[in-house]
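Data first, discussion second: the structure below is written as structure tokens.
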Amino acid sequence: MFKSIGIVPLTQSYFAAIGGNTPNGSMQSLDVVRRAVVDLGSVGFQVTAVSALYQTPAYPAGSGADFINAAVAFDSRKSPDEVLAIFHDIERLRGRQRQERWGPRTLDLDLLAQGARVLPDRATWRHWWAIPAAEQRDSTPDRLVLPHPRLQDRGFVLIPLRDIAPAWRHPVLERSVAEMCADLPACEVESVLKLADPPCV
């Protein structure tokens with residue numbers, strides 16, 4: 001079993017969020033998320049830390065069943081774009097169909113960050129960070145943006161990430177994961193419920 005805190009090389013690791021709220025055949029969401037951690041290792045990523053598993057309300061509210069969420073840290077020599085392409089392959093393997101943004105899904109793998117890198121540049125990152133909430137469903141970047149522009153807003157991302165990298169600092173906002181968690185509204189924190197210990201792989 002992976003340890004949860006204190007083993008992540010903060011300047012080099014990739015961080016990713018895992019989620020799902022729809023069964024994949026006979027596999028329920030909890031098992032799909034657990035299996036996704038194994039999948040990441042099987043494609044050559046060196047998984048270094050895995051968070052606990054959490055149950056969280058669907059986002060946006062009322063859009064489907066509760067999600068199972070987790071966060072992972074891993075090392076890879078592949079570029080962020082290559083990593084993202086592999087994520088999409090794993091999602092398809094686990095039954096993901098991209099029909100509706102923020103709709104129900106068997107598996108969602110989101111690349112959150114790679115160390116202190118900002119991609120493609122700070123101006124582009126700030127553009128997507130500043131997109132009003134009402135426009136976020138219909139406005140999507142045409143390239144990978146890191147750190148994930150919504151990372152700091154979402155308890156279902158930050159709270160699992162805090163398990164494995166509380167000291168990682170956002171390279172633009174200059175806030176640690178622990179600090180960003182402390183900035184969340186109380187109702188957001190209370191909606192993220194620990195469900196199970198980190199999976200074994």
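Note that the structure is a prediction, hence the values are computed from the model and not measured. All values below come from the heavy atoms of this structure, side chains included, with hydrogens, waters and symmetry mates left out.
Taking every heavy atom of both residues into account, Arg143 and Pro120 meet most closely at CD-CG, 3.5 Å. Counting all heavy atoms, side chain and backbone alike, Leu53 lies closest to Ala70 at CD2-CB, 3.6 Å. Taking every heavy atom of both residues into account, Thr48 and Ser13 meet most closely at OG1-OG, 4.2 Å. The shortest non-hydrogen separation linking Pro80 to Tyr14 is N-OH, 3.1 Å. Residue Val72 comes nearest to Val37 through the heavy atom pair CG1-CG2, 4.2 Å, listed as atom of the first residue, atom of the second, then distance. Nearest heavy-atom pair, Leu184 versus Gln152, reported as atom, atom and distance to 0.1 Å: CD2-O, 4.1 Å.
Under the 4.5 Å side-chain heavy-atom criterion for ILVMFWY residues, no single connected hydrophobic cluster contains both Val32 and Leu93.
The shortest side-chain heavy-atom distance between Phe67 and Phe156 does not fall under the 4.5 Å cut-off. Side-chain contact between Leu193 and Thr56 is absent, with no heavy-atom pair separated by less than 4.5 Å. Taking the side chain as every heavy atom from C-beta outward, Pro198 and Ser51 never approach each other to under 4.5 Å. Two residues are said to be in side-chain contact when any heavy atoms from C-beta on lie closer than 4.5 Å; Phe45 and Asp75 fail this criterion. Side-chain contact between Phe15 and Gln114 is absent, with no heavy-atom pair separated by less than 4.5 Å. Looking at heavy atoms from C-beta onward, Asn69 lies out of side-chain contact with Val157 at the 4.5 angstrom threshold. Considering only heavy atoms from C-beta on, Leu144 comes within 4.5 Å of Leu111 through its side chain. With a 4.5 Å cut-off on side-chain heavy atoms, Arg34 and Leu30 count as touching.
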With side-chain contact (heavy atoms from CB on, under 4.5 Å) as the criterion, how do Leu146 and Arg117 come out once you've worked through the C-alpha distance, each side chain's angles and the decisive distance to 0.1 Å?
CA-CA 7 Å; Leu146 290 181; Arg117 292 186 72 178; 5.9 Å; no
Would Trp129 and Leu173 satisfy side-chain contact (heavy atoms from CB on, under 4.5 Å), going step by step from the backbone distance to the final call?
CA-CA 10 Å; Trp129 168 70; Leu173 301 179; 4.2 Å; yes
Kindly indicate, with the supporting measurements, whether the criterion side-chain contact (heavy atoms from CB on, under 4.5 Å) is fulfilled by Arg35 and Asp31.
CA-CA 6 Å; Arg35 183 65 206 183; Asp31 295 322; over 6 Å; no
Check the pair Asp66 / Tyr54 against side chain to side chain donor-acceptor pair (under 3.5 Å), numbers first and verdict last.
CA-CA 10 Å; Asp66 286 353; Tyr54 291 85; over 6 Å; no
Run the numbers on Val145 and Leu119 for side-chain contact (heavy atoms from CB on, under 4.5 Å), then give the verdict.
CA-CA 5 Å; Val145 178; Leu119 295 176; over 6 Å; no
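With rounding to the nearest 0.5 angstrom, the CH2 atom of Trp168 is 12.0 Å from the CD atom of Glu179. The line from CD1 of Ile68 to CG of Asp108 is 13.5 Å long, rounded to the nearest 0.5 Å. Atom CZ of residue Arg150 and atom CG of residue Leu158 lie 12.0 Å apart, to the nearest 0.5 angstrom. For the atom pair Leu112 CG and Arg154 CZ, the distance stands at 10.0 Å (nearest 0.5 Å).
Between His170 and Trp125, the distance from one ring center to the other falls under 6.0 angstrom.
Proximity of a side-chain donor or acceptor of Arg169 to a complementary backbone N or O of Glu174 within less than 3.5 Å is detected. Between the side chain of Ser29 and the backbone N or O of Thr22, at least one donor-acceptor pair lies under 3.5 Å. For the pair Glu82 (side chain) and Ser79 (backbone), a donor-acceptor distance under 3.5 Å is present. Not a single donor-acceptor pair under 3.5 Å links the side chain of Arg94 to the backbone N or O of Val33.
The only option from Leu109, Ile86, Thr106, Asp39 that meets the side-chain contact (heavy atoms from CB on, under 4.5 Å) definition with Glu91 turns out to be Leu109.
With respect to Lys194 and Asp197, a salt bridge is recorded, a charged nitrogen being found less than 4.0 Å from a carboxylate O.
Checked against side chain to side chain contact (heavy atoms under 4.5 Å, CB included), Asp121 has the following partners two or more places apart in sequence or in another chain: Ala123, Thr124.
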